[in-house]
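A note on names: the letters A, B, ... follow the listed sequences, proteins ahead of strands, and every chain is numbered from 1.
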Amino acid sequence: MKVEKTEEKEVSLNFIERIIEEHNANGRFGGRVHTRFPPEPNGYLHIGHAKAIYTSFTIAQRYGGKTNLRFDDTNPTTERTDFVNAIQKDIQWLGFQWEGEPKYASDYFQQLYDYAVQLIKQGQAYVDFSTAAQMDTMKKAGTASPYRNKPVEENLAWFEKMKNGELADGTCVLRLKIDMKSDNWLMRDPVIYRIKKETHHRTGDKWAIYPMYDWAHGLSDSIEGITHSLCSLEFEVHRPLYDWCLEQLKVYQSQQIEFSRMNVNYTVTSKRKLKELIDLEKVNGWDDPRMPTISGMRRRGYTPVAIKDFIARAGVSRRPQIIDLSNLEASVRNHLNQIAKRVMVVLDPIKVVITNYPEGQAEELTIENNPEDETAGTRQVKFSRHIYIEREDFMIDPPKPKKYYRLAPNKTVRLKGAYIIQCDDYVTDPETGEITELHCSYVPNSKSGEDTSGVKVKGTLHWVNQEDAVEVETRLYDRLFMDENPTGRKESYRDENNKKRKRPIDFKTFLNPDSLKVEKAYAEPYLKGATMEDHFQFMRKGYFVLDQDSTEDKMIFNRTVTLKDGWKRR
RNA sequence: UCGGGCGUGGCCUAAUGGUUGAUGGCACCUGACUUUGAAUCAGGAGGGUGUAGGUUCGAGUCCUACCGUCCGAUCCA
């Protein structure tokens, strides 16, 4: 029996948890779990980072551990304080809190310098005056630099001069002396310090040299007592170097573990490409609701709960994952369905006259705010002779009458929370042929909740009372790219020798021209009390959230995601 | 070219060598219900685990080769 099997089933561990349990069993870290999230403050966080954040924070939580936030700020050229702030805001918005104060690799610059001096003294690092091009050539050939075996004292002196700013940028670098013949190119005497006379966002002009990632990262982990340093797969080849540095210095040994980063189709997550979209004004900034950034998703109306649910469902593994957008949208809909207040908004209106409802008369109807949540309460909605319905909810000549539930001549529908109406006639503009008005009659004893009419209808339409309708702006978003893999396409061409070749297609070619549509809409007055914290379901239209661009007299709503559409046309 | 990683339904994922029932979610299809063609409920289709060998009483799990794919040679992180 299936039921029994389900009951027996245990929650399976992912591969990182297994490693941790192994460490806990053999006592490597004394049962401690301390992770870190190490963003570089040179851009905004995106969905891929959200997975890294989620993974590092939740795995520590699961084992009663802690997580540091550490800014990997070793390259002053690209790093800025405003990114530092935005990153902190995003992490907290997702619902995570790091241990203590935020940390910075720059906090350890002196320590990192001292460690470098130590390695020079151990004869394992040297100052190299070769040019970048020469170094590149030697790396490929696997040959040693002429500076490789200079005396320790000389290296010490030069490194000191580097630090003191006595040498111009690019004069020389400090390299590790490891193995110029290694199959792993990163071990062919990697550069660990370069001269950069630039102002750092935190240390100002104190330093003329800055450590490279491979030197700063592992040692920062070690200094902070990080047990499990989780990172993405592309750093796997760095692990031997990571381990080498800690071993040679005989310092605390953190364990780097790599997992695959998360990609979602129909989007891009490279910081460079996101920045390009902003610079070319294809989108309106890092927090444009079409961006896969955390701030963009926040503005779009995605919730932390939904994003975390999505990441949890995707899981963590070492297989490259390109997850279908529908998974993210499903998580978003799932959460919003539980919390969103229902409200009626007509996006593309057509006037309806209820011909047998007296002019000047009106009544208040009571409608529940969220059928999924009784505590959400009810609201009053006014009904009268003149209302709007959605233009697409009426057809003069429906294609498949039996499967068509909406309004058409002589057909009946229920108006949500109100009465059943029948369409008796329609008016068209003699010039354009466009339908301008519907004439309907309502069934008086069919009022919602006290219907004694016995009339059965298949369809229910949302509607808005004309008299007190509020005009709002809606921003309807769709995927930013039309191709599911905008950065991975290639095209054939012929070169100057008429030889067939392939080259990558510019990802911007695939931008969706209809990724944003701005529409006026009519909303029921209840919406006037909306704040940016509220999530709404515009009935039958999708989930919406108030945008920050809204003003006193103009409310703007972003469509977070459409409702699932079970109605297949034709 | 070299080095490394990864190949389980369309997309993720489980299976920790052990019963030909290979999990679960998303997507998809059908039906029920419905005052949201949503939600909910019930059901369904779709893979034999990249390929070929091998080890084993037994392989998605181990080994070898091949194929595919991704990553890696910044004074970036």
**OP:** Calculate the interatomic distance between A/F538 atom CZ and B/G37 atom P; express it in whole Å.
**Re:** 17 Å
Original post:
Base, sugar-phosphate alone, or nothing: which one does A/T78 contact when heavy atoms must sit under 4.0 Å apart?
Top reply: nothing
Original post:
Should B/U56 form a Watson-Crick or G-U wobble pair with both distances under 3.5 Å, which nucleotide is its partner?
Top reply: none
**OP:** Could you please name the partner base of B/A15, counting Watson-Crick and G-U wobble pairs only when both distances are under 3.5 Å?
**Re:** none
**OP:** Take the protein atom CD1 of A/I257 and the nucleotide atom P of B/G4, then report the distance between them rounded to whole Å.
**Re:** 21 Å
**OP:** Using distance alone, with no hydrogens and no angle criterion, decide if A/Q134 and A/K139 have a side-chain donor and acceptor under 3.5 Å apart.
**Re:** no
Original post:
What is the base-pairing partner of B/A32, counting Watson-Crick and G-U wobble geometry with both distances under 3.5 Å?
Top reply: B/U40
Original post:
If we take the C1' atom in both B/C63 and B/G17, what is their distance in whole Å?
Top reply: 13 Å
Subject >> Spacing of A/R318 atom CZ relative to B/U61 atom C1', expressed in whole Å >> reply: 17 Å
Subject >> Phosphate OP1/OP2 of B/U34 contacted by A/T460 side-chain N/O (<4.0 Å) >> reply: no
**OP:** Just call it for A/L563: base, sugar-phosphate, or nothing, with non-hydrogen atoms closer than 4.0 Å on any strand.
**Re:** base
**OP:** Would you indicate, yes or no, if B/G24 has its OP1 or OP2 atom less than 4.0 angstrom from a side-chain nitrogen or oxygen of A/R313?
**Re:** no
Original post:
Using the ring of each side chain (for Trp, its six-membered ring), is A/Y419 parallel, tilted or perpendicular to A/F383, with breaks at 30° and 60°?
Top reply: tilted
Original post:
Where each residue is assigned the nucleotide of RNA chain B containing its nearest heavy atom, which of A/K416 and A/S260 is assigned the position nearer the 5′ end?
Top reply: A/S260
**OP:** Measure the distance from CD on A/E329 to C1' on B/A38 and round it to the nearest whole Å.
**Re:** 15 Å
Original post:
According to a strict under-4.0 Å criterion, is A/S317 in side-chain N/O contact with OP1 or OP2 of B/U13?
Top reply: yes
Original post:
Between A/H238 and A/D214, is any side-chain donor less than 3.5 angstrom from a side-chain acceptor?
Top reply: yes
Original post:
Within less than 4.0 Å of OP1 or OP2 of B/A39, is there a side-chain N or O belonging to A/K564?
Top reply: yes
**OP:** Using both distances under 3.5 Å as the test, list the Watson-Crick or G-U wobble partner of B/U61, or none.
**Re:** none
Original post:
Taking CD from A/Q537 and P from B/G37, how many angstroms apart are they, rounded to a whole number?
Top reply: 10 Å
**OP:** Go along nucleotides 68-75 of chain B 5' to 3' and tag each nucleotide: B for a protein heavy atom under 4.0 Å from its base, S when only backbone or sugar atoms are that close, - otherwise.
**Re:** ---S-B-B
Original post:
After noting the C-alpha distance and the side-chain angles of A/R36 and A/E224, does the key distance pass the salt bridge (charged side-chain N to carboxylate O under 4.0 Å, His left out) rule?
Top reply: CA-CA 9 Å; A/R36 104 270 88 117; A/E224 293 179 8; over 6 Å; no
Original post:
When we call it a touch if two heavy atoms are under 4.0 Å apart, what does A/N327 touch: a base, just sugar-phosphate, or nothing?
Top reply: base
**OP:** Mind listing the closest non-hydrogen atom pair of A/M297 and A/I47 along with its distance?
**Re:** CE-CD1, 3.8 Å
Original post:
So what does A/R342 hit on the nucleic acid, given a heavy-atom distance under 4.0 Å: a base, only sugar-phosphate, or nothing?
Top reply: base
Original post:
Below 4.0 angstrom from OP1 or OP2 of B/A15, is there any side-chain N or O of A/R18?
Top reply: yes
**OP:** Under 4.0 Å between any heavy atoms, over every strand shown, what does A/P39 touch: base, sugar-phosphate, or nothing? Just pick one.
**Re:** nothing
**OP:** Would you mind classifying the nucleic acid contact of A/K181 as base, sugar-phosphate or nothing, using non-hydrogen atoms under 4.0 angstrom?
**Re:** nothing
**OP:** Determine the interatomic distance between C1' on B/U23 and the same-named atom on B/G60; round to the nearest Å.
**Re:** 13 Å
Original post:
P atom, B/A14 versus B/U56: distance in rounded Å?
Top reply: 30 Å
**OP:** Quickly work out the A/D243 CG to B/G4 P distance and round it to whole Å.
**Re:** 17 Å
Subject >> Whole-Å distance separating the NZ atom of A/K275 from the P atom of B/C76 >> reply: 17 Å
Original post:
What residue among A/Y126, A/F109, A/W158, A/F159 forms ring pair (Phe, Tyr, Trp, His ring centres under 6.0 Å) with A/Y193?
Top reply: A/F159
Original post:
Does the cation-pi check pass for A/R333 over A/Y543, that is, NZ or CZ under 6.0 Å from the six-membered ring centre and within 45° of its axis?
Top reply: no
Subject >> Pair A/F557 and A/F544, ring centroids less than 6.0 Å apart >> reply: no
